[in-house]
Visitor: 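What follows is a structure written as structure tokens; I'll ask about it next.
Quick note: numbers below take in every heavy atom, side chains included, and nothing from hydrogens, waters or symmetry partners.
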Amino acid sequence: MRIAMFAEFYEPVINGVVTHVKLLAQGLRSLGHEVLIVAGDTDCAHHYIDENGVLHCPAAKSVRRLYGYPIASPISRHRRNMIKDFRPDIIHIHTEFSVGQSGIMIAKSLNVPIVYTMHTMYDEYVYYIAPKTLSRPATKLARQYLLHVAGNAEAITGPSRKVEEYCREIGVKTPVRVINNAAELSSFAPENVSDEEKAALKKQLGINEDECVAVFVGRLGREKSVDVLLGFWHEAVLPSDKLRLIVVGDGPVRAELEAQAEDLGLMDQVIFTGRVEHEDIPPYIAIGDVYVTASLSDTNSISMLEGMAGGLPVLQLTDPLNADQVINGINGFSFNDAEEMAGYLKKIRDMSSEERAALSESVINSVSSSGAEDLAKKLLAVYTEAMTRESELIAAVRLLAMEYCRLNGFSEEKLTRQKIYKLYDKFIFASELETGDAEALGIDFLEDFYPSARPSLIYHMDRGKFEFTEHANDILK
């Protein structure tokens with residue numbers, strides 16, 4: 001199979017999405033499939049494919065509050081031609097923005113099915129782009145936009161039930177397949193970091209050998225709720241408890257968090273490392289005794305999986321939609337408040353070396369099926385399903401279009417494959433209530449982005465029937 005994967009950016013920029021794409025590509029290639037990764041790149045002046053199978057797309061840097069991430073134009077004839085030459089069987093989009101929109105348009109022009117992975121639920125990220133006073137309309141707009149993106153996909157995946165629930169809430173009709181993230185398991189294996197390296201890092205950070213170390217790794221944005229973690233620490237952990245917290249990472253609220261820690265008198269208990277390159281993170285995991293997080297925005301944190309690959313049990317603020325990630329006593333513990341968090345920290349601190357080793361082994365075993373090939377096998381099943389679904393729907397649309405042509409006096413001889421795909425492209429699932437007017441279908445919103453986005457074919461879910469709209473005439477004439 002030939003898969004083109006679209007991400008807003010790729011290495012050397014690193015975040016959870018990039019890591020996911022990298023591991024998925026590794027897994028697919030190891031299973032004998034061909035992969036082309038399409039991503040924006042601020043350091044290139046023209047499109048080119050490198051030796052690693054990455055199509056670099058010229059891009060500009062975004063504003064600083066968005067980390068200066070690359071933004072490429074969604075439209076490029078040269079990019080389309082290069083992807084056409086690759087002859088993809090599937091286009092898999094991992095971003096909703098410029099490169100993702102490029103993937104949607106190219107897939108439609110090449111008649112290739114789309115798989116969409118929603119990595120992020122943007123309700124908790126709106127503050128990056130809109131002031132607080134505009135958060136409600138901005139959230140509504142973001143949901144409508146995501147609904148539009150999802151509506152183009154033959155199959156949708158997400159890394160947790162949280163994404164599945166979010167999609168249902170915003171009105172996505174296509175079922176969401178939950179496929180957990182993967183991690184570079186071997187890179188974080190405990191045996192890869194020597195005792196000397198661990199001792200040197202502890203000395204550098206000022207950590208005593210008799211202290212129990214809790215680690216958090218991630219981008220320091222509000223959605224990560226490190227402020228909640230600091231509040232809980234202040235409330236229930238004493239300096240005499242011999243517990244230390246390491247916060248590994250950088251981000252827009254780092255200064256606020258450091259100020260909070262200072263105001264709470266935690267600077268002797270909490271260490272902020274600042275930015276650490278991904279390849280340098282394993283030693284920070286290795287000196288830890290437990291991974292801790294209070295974030296309720298993470299769908300299936302790759303950083304947490306990396307911690308587990310290093311044998312760290314997870315302390316996670318209770319999250320009903322992510323409850324299956326942490327099983328008490330097997331790979332960690334869930335806490336509801338500061339006292340419970342502190343209690344579990346002390347429980348781990350007071351374990352014997354044998355008890356810690358047994359728990360660490362259990363944690364590692366719990367993520368043993370979270371490698372690159374495991375991820376690839378799960379996605380291959382989705383790709384096959386998407387290709388089958390597209391074929392069946394196109395066949396159904398063709399039969400309907402033939403009947404529509406007969407009833408309306410159009411020539412069936414002019415019912416070309418391209419026209420069938422155009423009808424299919426403008427195919428919308430709609431409930432009884434949604435079909436009442438154009439606004440309910442989101443058509444006015446879509447036209448702001450694509451003037452030709454009005455549907456020509458609607459499937460009424462409540463009535464179980466298809467219906468062509470007047471816009472089908474423009475295609476079938």
Visitor: So H119 and H20, would you call those rings parallel, tilted or perpendicular, with 30° and 60° as cut-offs?
Guide: perpendicular

Visitor: Could you tell me whether the side chain of V213 reaches within less than 4.5 Å of the side chain of V290, counting heavy atoms only?
Guide: no

Visitor: Say whether, by atom type as modelled, one donor and one acceptor occur between the side chain of S368 and the main chain of I364 under 3.5 angstrom.
Guide: no

Visitor: Between the side chains of H92 and Y383, is a donor N or O closer than 3.5 angstrom to an acceptor N or O?
Guide: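 Checked: H92/Y383 side chains pair up, N/O donor to acceptor below 3.5 Å.
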
Visitor: Could you check if a side-chain atom of S102 sits within less than 4.5 angstrom of a side-chain atom of R79, using non-hydrogen atoms only?
Guide: yes

Visitor: Are T318 and N336 close enough that a side-chain donor and a side-chain acceptor fall under 3.5 Å?
Guide: yes

Visitor: Indicate yes or no: at least one non-hydrogen side-chain atom of F6 is less than 4.5 angstrom from one of Y116.
Guide: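 They are not in side-chain contact.
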
Visitor: Does the E258 side chain pair with the main chain of A255, one donor and one acceptor, at a distance under 3.5 Å?
Guide: no

Visitor: Mark yes or no for whether E8, through its side chain, and V99, through its backbone, hold a donor-acceptor pair below 3.5 Å.
Guide: yes

Visitor: Would you find a donor on one side and an acceptor on the other, under 3.5 Å apart, between the side chain of D280 and the backbone of V276?
Guide: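 Pair absent, no side-chain N/O of D280 close to backbone of V276.
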
Visitor: With a 4.0 Å cut-off on N to O distance, would you call E211 and R349 a salt bridge?
Guide: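 Salt bridge between E211 and R349, a charged N being under 4.0 Å from a carboxylate O: no.
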
Visitor: Side chains of S30 and E373: is there a donor and an acceptor less than 3.5 Å apart?
Guide: yes

Visitor: Less than 4.0 angstrom from a charged side-chain N to a carboxylate O is my criterion; do D289 and R356 meet it?
Guide: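 Salt bridge flag = yes for R356 with D289.
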
Visitor: Is it true that E223 and S295 share a donor-acceptor pair across their side chains at a distance under 3.5 Å?
Guide: no

Visitor: Output the distance between atom CG (D41) and atom CG (D50), rounded to the nearest 0.5 Å.
Guide: 9.0 Å

Visitor: Count the heavy atoms belonging to other residues, nucleotides or ligands that lie under 6.0 Å from CD of E197, then report whether that count exceeds 12.
Guide: yes

Visitor: Check whether D241 reaches the backbone of L238 with its side chain - one donor and one acceptor, N or O, closer than 3.5 Å.
Guide: yes

Visitor: Treating N365 as the side-chain partner and E361 as the backbone partner, does any N or O pair qualify as donor plus acceptor under 3.5 Å?
Guide: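 Present.
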
Visitor: If we check salt bridge (Lys or Arg N to Asp or Glu O under 4.0 Å) with E165, which of these qualifies: R168, R161, K162?
Guide: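 The single option meeting the salt bridge (Lys or Arg N to Asp or Glu O under 4.0 Å) with E165 is R168.
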
Visitor: Between atom CG of N181 and atom OG of S160, what is the distance when rounded to the nearest 0.5 Å?
Guide: 8.5 Å

Visitor: Could you tell me if the side chain of L379 sits less than 4.5 Å from the side chain of L24, heavy atoms only?
Guide: yes

Visitor: Calculate, to the nearest 0.5 Å, the distance between atoms CG and CD1 belonging to N152 and I93 respectively.
Guide: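 Interatomic distance, N152 CG to I93 CD1, rounded to 0.5 Å: 7.0 Å.
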
Visitor: Would you indicate whether the side-chain heavy atoms of M308 and L312 approach each other to under 4.5 Å?
Guide: no

Visitor: Looking at side-chain heavy atoms only, is the closest gap between H278 and E306 below 4.5 Å?
Guide: yes

Visitor: Donor-acceptor check, side chain of T19 to backbone of N15, threshold 3.5 angstrom: yes or no?
Guide: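 Yes, T19 side chain to N15 backbone: donor-acceptor pair under 3.5 Å.
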
Visitor: So F335 and F232, would you call those rings parallel, tilted or perpendicular, with 30° and 60° as cut-offs?
Guide: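 Taking F232 first and then F335, their aromatic rings stand perpendicular (interplane angle over 60°).
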
Visitor: Can E164 and R177 be said to form a salt bridge (Lys or Arg N to Asp or Glu O under 4.0 Å), step by step?
Guide: CA-CA 8 Å; E164 181 182 26; R177 179 79 65 85; over 6 Å; no

Visitor: Is there a side-chain contact between Y166 and M118 in this structure, where contact means two heavy atoms from C-beta onward sitting under 4.5 Å apart?
Guide: yes

Visitor: What do the steps show when you test Q269 against H234 for side-chain contact (heavy atoms from CB on, under 4.5 Å), and what is the final call?
Guide: CA-CA 10 Å; Q269 300 177 65; H234 170 69; over 6 Å; no

Visitor: Within the 4.5 Å heavy-atom criterion, are I207 and I271 side-chain neighbours or not?
Guide: yes

Visitor: Are any of the side-chain nitrogens in E277 or R275 under 4.0 Å away from the carboxylate oxygens of its partner?
Guide: yes

Visitor: Under the 3.5 angstrom rule, does the side chain of Q260 hit a backbone N or O of D227 as a donor-acceptor pair?
Guide: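 Side chain of Q260 to backbone of D227: a pair is present.
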
Visitor: Please determine if R2 forms a cation-pi arrangement with F86, meaning its NZ or CZ atom is less than 6.0 Å from the six-membered ring centre and no more than 45° off the ring axis.
Guide: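 Judged by the rule (NZ or CZ under 6.0 Å from the ring centre, within 45° of its axis), R2 counts as positioned above F86.
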
Visitor: Check whether T174 reaches the backbone of I156 with its side chain - one donor and one acceptor, N or O, closer than 3.5 Å.
Guide: no

Visitor: To the nearest 0.5 Å, what is the distance between CD1 on I287 and NZ on K198?
Guide: 10.0 Å

Visitor: Distance only, no hydrogens: is a donor on one side chain within 3.5 Å (strictly under) of an acceptor on the other, for H56 and H47?
Guide: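 There is no such pair (donor and acceptor under 3.5 Å, judged by atom type) between the side chains of H56 and H47.
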
